[in-house]
Protein chains: 2
Amino acid sequence: MSASTETGREPGRARVDRWRTSAEVLAEVRRTPGLTRVELARRLALSSASVTETVTRLRGTGWLCEHRAPVQGRGRPTTSLDPAPDGPRVVAVDLRHEDWRVGLAGLDGEVTGVVGARHDRDPARVTTALRDAVATVAGGHRAVAVGLAAPAPVSADGLVRATELAWEAVDLGSVTACLGPGPVPLRVGNDATLAGVAEARTGAAAGAATAVYLTVEVGLGGTLLLDGLPHLGAHGAAGEYGHLPFGDPAQRCACGATGCWGPEVDGRGLARRLGDPVPDDPRSYAGDVLARAAGGDAAAADAVGVAAAALARGIAGVVHVHDPDVVVLGGLARGLRAAPGFDDAYVGALMAFRRDHPVPVLDAVHGDAGALHGAAALALDHATSPEGLAERSGE
Amino acid sequence: MSASTETGREPGRARVDRWRTSAEVLAEVRRTPGLTRVELARRLALSSASVTETVTRLRGTGWLCEHRAPVQGRGRPTTSLDPAPDGPRVVAVDLRHEDWRVGLAGLDGEVTGVVGARHDRDPARVTTALRDAVATVAGGHRAVAVGLAAPAPVSADGLVRATELAWEAVDLGSVTACLGPGPVPLRVGNDATLAGVAEARTGAAAGAATAVYLTVEVGLGGTLLLDGLPHLGAHGAAGEYGHLPFGDPAQRCACGATGCWGPEVDGRGLARRLGDPVPDDPRSYAGDVLARAAGGDAAAADAVGVAAAALARGIAGVVHVHDPDVVVLGGLARGLRAAPGFDDAYVGALMAFRRDHPVPVLDAVHGDAGALHGAAALALDHATSPEGLAERSGE
DNA sequence: CGATTATGCTCGGGAAGCGAGTTTATTCAA
DNA sequence: TTGAATAAACTCGCTTCCCGAGCATAATCG
């Protein structure tokens, strides 16, 4: 997750600083659409004079619009601030192993006009297809940034190294080429990370200062979200929760370590418990087992119960380390949470002082649109930052 | 770790904002004492005119002083910026189970004039003794904040609940009573957390954007440090690394959970492995075993090796989750790291892609002064923040 | 319909930061 | 020794943010 543009012009502090309050206002409106001017002034400790000035500017640049707020009691009615329906847009891209989706979002983060297609994994052809789709989706609107979710680790320079696609350091910078005028910034993030971002902004963890997002697909991954921002680590490799050694030390993981948590709770773990060979597609295998367990298959239910308990026990450990406001589960983890025994295993694995008020473990609400929503949020973060606003202020 | 004062006066944005650049300058000088004006202007993207103005102000308030910088080549020589030797001070307090220490620090963070005494754990008497010691240590200097390290969880309101001291929600606010003029803010933090802060600022993790500090005393605790700031979690309870279930699930931990990592790597784990009863003082028991192992006692060495391997394996897991720049070890963990087999166990437990460049695991450099240094850093953080500077700007 | 109340707008002023031009302090070369 | 070259700091006028105070506005209440 990183910027692909770098502004190098020197003194520049005032040029960016000018937009700091505007950026805070936009962030507040994103967090709470329909906010009143009075409430905004209170939250940002601004005088009404300053609110007038800043809101006027943001209406002028097209970001905000105002509505009469419903009257409550005496006094002059205040107005509420909302994302302008015809304001600047960002393009969100979700690149997956076999297909991609592209959509358009405004300040409210709603992704609309989604188009998609399958792809053949050839970097050049995928890049071209995405560039065209981005241009089409943006058509007519003022697109000010692009966010992209990639099914792979993303290094600090924004390059994508997708081993499963056999991509080595692919630079996706050109997908913004048909936008403009002027260069349009691209921000790239990992798909699981961005799904976590989506949950932390508008999903099950909305408003949480500290949230943990965990998802089970093939293996287990996740993100620590601090005030809605993912912790990426020194090299962008943070969040490998699936390789915490919570499991059986005798089991060797494909990652090279032993006793990893991930392979105990995904399709491979279920297969081992059921005596099946390692499945080719652990994702759909696990879906089948969950369905059989729900349908009354005792052996499947037993295997699911073991995996659910392993998931629950590990989540407790993660809670001890992060002390989050909430843990959000995506992918197959939702099915495991629904298994009988999960809650008891979770509470039982918590430290005693936590058991009266266990940290809630909730299902993700964005489903498989999480990465796309997170990509939109990432692009909006840039576009509404002081730097992003300053970049475009000349227009 | 939290503020004990709360400024509630409303609009106030400009009043605080005025000091934002000054705060950034002070932060830069703390990070890099002896910084030149030119380098400062470059880092903060300030014009030389603005540097002149800000530095003049900070010299006026006594925080900074300037020296001729050594000349390099042609041109007018620049000056270097340093903490003023007679500038504002903060008081650092380290409250431990059986004694306390109080010292004085300037902008450079060096703690001097340390005094200390044993105490009897009575909250009222300890508070009084600390109040007097703080006044004595500060005597004559302009003390602008107090930082305190407590051997207990610290809740968001700054109250200390030290179960081992039988303290329930003790308010230490009065230790600043003899300072002044005006109320002097007190910031309170957990001792292990603050030891981590000290390492992240001026210790083995200096400059790291992401660092993990782990310490073994009785059990295992730690902190995730992001840009030198500890992640405290939703309720200030983050960092219970010792209760990650890396251990034997058949072992019940005193915390109520099973298989906790902490009891496997401390004195209790060593005793179990050696067939000894649970020691009354696991800390000194572990010290003895480490000494015996170093002296050639095979049984002790074996037990130490097992604990060191358990520590190493868990650290690898923590690395997978946080992807830190560095892991820093304090307390008994340093002795375990020195045991033969630690490095092999660590690298072997890493994911394969990490083994070529394993995240360094280093010893803490602050020793048992870490908490005191961290407390000074905490107080300086407040005093040099825009809010802290604005608070005192009337004087 | 006026009193009351809460809010938004206008205007002058304080302060941060900047750009451009000027001054200052040093090295280097004749 | 002296002056050119160089790099940095200072001065000054300007722009912009934010503020406070006062005025204008739009609702409810009696």
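Throughout, a chain's letter reflects where its sequence line sits, starting with A, and its residues are numbered from 1.
Residue B:Thr78 is in sugar-phosphate contact alone, with no base atom involved, counting any heavy-atom pair closer than 4.0 Å across all strands shown. Here A:Arg37 lies in heavy-atom contact (under 4.0 Å) with sugar-phosphate atoms only.
Distance CD (A:Glu39) to C1' (C:dA6): 15 Å, rounded to an integer number of Å. As rounded to whole Å, 19 Å separates atom P of D:dT16 from atom CZ of B:Arg13. Rounded to whole angstrom, the span from the CD atom of A:Glu53 across to the P atom of D:dC19 amounts to 10 Å. Atom pair B:Trp19:CH2 and C:dA16:P shows a separation of 8 Å (rounding to whole Å applied). Following rounding to the nearest Å, B:Arg15 (CZ) and D:dC17 (C1') show an atom-to-atom distance of 15 Å. Going from atom CZ of B:Arg74 over to atom C1' of C:dA29 covers 8 Å, rounded to whole Å. For the pair B:Asp17 CG and C:dG14 P, the interatomic distance rounds to 19 Å; values are reported in whole Å. The separation between A:Leu40 atom CG and C:dT7 atom P is 13 Å, rounded to whole Å.
Put simply, B:Thr52 has no side-chain N or O that comes within less than 4.0 Å of OP1 or OP2 on D:dA9. Contact check, B:Ser50 against C:dC18: a side-chain N or O comes under 4.0 Å of OP1 or OP2. Contact between the side-chain N/O atoms of B:Arg76 and the OP1/OP2 oxygens of D:dA9 is not found at any separation under 4.0 Å.
Listed nucleotides: D:dA27, C:dA25, D:dC18. Nearest to the side chain of B:Pro77: C:dA25. Closest to the side chain of A:Arg18, from the set D:dC19, D:dC17, C:dT24, is D:dC17. Closest approach to the B:Arg68 side chain among C:dC18, C:dT26, D:dA21 is made by C:dT26 (side chain taken as heavy atoms from C-beta onward). Each of C:dC18, C:dT7, D:dA9 was ranked by its minimum atom distance to the side chain of A:Ala14; first place goes to C:dC18. Of the listed nucleotides (D:dC18, D:dC17, C:dA16), D:dC18 has the atom at the smallest distance from the side chain of A:Thr54.
Mapped onto DNA chain D by nearest heavy atom, B:Thr56 and A:Thr21 fall at different nucleotides, with B:Thr56 at the one closer to the 5' end. Mapping A:Gly75 and A:Thr36 onto DNA chain C via the closest heavy atom, the residue that lands nearer the 5' end is A:Gly75. Each of A:Arg20 and B:Ala49 lies near DNA chain D, and the nucleotide nearest B:Ala49 is the one positioned closer to the 5' end.
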Exercise. Does the salt bridge (Lys or Arg N to Asp or Glu O under 4.0 Å) test come out yes or no for A:Arg43 and A:Glu24, once each step is laid out?
Worked result: CA-CA 10 Å; A:Arg43 292 195 195 176; A:Glu24 287 180 35; over 6 Å; no

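In the interface, the side chain of A:Ser48 is paired with the base of C:dC9 through a donor and an acceptor atom under 3.5 Å apart.
Stacking of A:Arg57 on the aromatic ring of A:Trp19 is recorded, both the 6.0 Å distance cut-off and the 45° axial limit being met.
Between B:Arg20 and A:Asp17 a salt bridge is recorded (basic side-chain N to carboxylate O distance below 4.0 Å). One finds no salt bridge joining A:Arg201 and A:Asp227 here, because no Lys/Arg side-chain nitrogen approaches an Asp/Glu carboxylate oxygen to under 4.0 Å.
At least one side-chain heavy atom of A:Arg30 sits less than 4.5 Å from a side-chain heavy atom of A:Leu107.
Note: A:Asp86 CG to A:Cys65 SG = 8.0 Å, rounded to the nearest 0.5 Å.
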